[in-house]
Every structure is written in C-alpha cells, then in structure tokens.
Amino acid sequence: QVQLVESGGGLVQAGGSLRLSCAASGGTFSSYAMGWFRQAPGKEREFVAAITRSGGFTYYTDSVKGRFTVSRDNAKNTVYLQMNSLKPEDTAVYYCARKTVGSMWYGPEAYDLWGQGTQVTVSS
C-alpha cells in the first residue's frame with residue numbers, strides 16, 4: 001500500500017526557513033506528479049505548489065512565489081518544499097499529495113493520496 005509521510009515542520013521565526021520532505025513508500029513514485037497543500041485553522045485546504053513527474057515543471061500559488069521551491073528526488077522517492085522568508089500567514093498544516101492524471105493542478109480533487117500532514121508555525 002502506497003503511503004506518503006511528511007516531515008520537517010516546526011516552529012520558526014518570521015523570516016526564517018524550513019524544508020519539508022515527503023517520502024513515498026510503495027508504488028512507482030516517478031510515475032506521478034506531486035503537490036503540496038496547506039490548511040490553516042478555520043480555513044479550507046489550499047494549493048501551495050506542485051511538480052511534474054520528472055521535475056521539469058513546477059507550479060506555485062501567488063503568495064509563495066519567489067519564497068518557496070518545490071523539488072523532487074525520484075531515486076529517493078521524496079518530494080521537498082523549501083520555504084524561505086516565512087511569514088506568520090504561512091502558519092498551517094502542510095500536506096503532500098499524489099496527483100491524478102489530468103490537466104487540473106490547483107484543486108484538492110486533483111489529488112488522490114495524501115500524507116498525514118506536518119505543522120508549520122511561524123511566529124512574528
């Protein structure tokens with residue numbers, strides 16, 4: 001059974017950095033595009049970033065462009081989210097997800113497998 005496990009969350013001051021990892025076990029990791037979402041308390045889950053199967057193309061929500069970078073290492077079955085210049089509004093539980101086939105990238109409905117999430121808290 002394929003599983004996704006996130007790690008790397010924590011508490012950081014505004015302006016700091018964190019690197020999230022999402023390790024996939026089972027399945028063929030390189031066959032799937034991957035995405036990152038986040039959900040703050042009382043808010044809907046929102047798209048953060050995504051990366052194609054080979055890593056050749058990436059997508060970001062406007063609020064993280066220039067600050068976050070998504071990457072992957074298919075040999076290690078892992079996708080990463082490097083987060084720099086963090087802001088208090090980045091505070092949320094961050095989830096990685098496996099994308100289904102299709103042209104949609106930004107909605108949760110385009111992803112069929114989710115990790116358990118990792119908490120990121122940015123203090124002001």
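Taking OH of Tyr32 as the reference point, atom CG of Leu4 lies at 11.0 Å (rounded to 0.5 Å). Going from atom OG of Ser7 over to atom OH of Tyr80 covers 9.0 Å, rounded to the nearest 0.5 Å. To the nearest 0.5 Å, atom OH of residue Tyr60 and atom CH2 of residue Trp36 are 12.0 Å apart. The CG atom of Leu113 lies 14.0 Å from the NZ atom of Lys99; values are rounded to the nearest 0.5 Å. Of the inter-residue distances, the one linking Arg98 atom CZ with Gln3 atom CD reads 12.0 Å to the nearest 0.5 angstrom.
Residues passing the side chain to side chain donor-acceptor pair (under 3.5 Å) test with Gln119, sequence neighbours excluded: Thr121. Residues passing the salt bridge (Lys or Arg N to Asp or Glu O under 4.0 Å) test with Lys87: none are found, sequence neighbours excluded. The side chain to side chain contact (heavy atoms under 4.5 Å, CB included) check on Val12 picks up Leu18, Leu86, Val122, with sequence neighbours excluded. In this structure, Asp73 has no salt bridge (Lys or Arg N to Asp or Glu O under 4.0 Å) partners at least two apart in sequence or on a different chain. Remark: Arg67 pairs with Asp90 by the side chain to side chain donor-acceptor pair (under 3.5 Å) rule, at least two apart or across chains. Among residues two or more places apart in sequence or in another chain, the side chain to side chain contact (heavy atoms under 4.5 Å, CB included) test is passed with Ala50 by Phe47, Tyr59, Trp105, Tyr111.
Residue Glu6 comes nearest to Tyr94 through the heavy atom pair OE2-O, 4.0 Å, listed as atom of the first residue, atom of the second, then distance. Heavy atoms only, all atoms of each residue included: Arg38 and Ser63 are closest at NH2-OG, 3.4 Å. In plain terms, the two heavy atoms of Phe29 and Ala24 that are nearest each other are CD1-CB, 3.5 Å. Minimum interatomic distance between Pro88 and Ser124 (heavy atoms only, all atoms of both residues): CG-CB, 3.8 Å.
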Checklist entry - What's the verdict on side-chain contact (heavy atoms from CB on, under 4.5 Å) for Arg19 and Leu81, showing C-alpha distance, side-chain angles and the deciding distance? => result CA-CA 6 Å; Arg19 187 195 198 201; Leu81 185 67; over 6 Å; no

Checklist entry - What do the steps show when you test Arg72 against Thr78 for side-chain contact (heavy atoms from CB on, under 4.5 Å), and what is the final call? => result CA-CA 6 Å; Arg72 67 190 297 161; Thr78 302; over 6 Å; no

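For the pair Ser17/Gln82, a side-chain contact is recorded, criterion being any heavy-atom separation below 4.5 Å from C-beta on.
A donor and an acceptor atom, one from each side chain of Thr100 and Asp112, are nowhere located under 3.5 Å apart.
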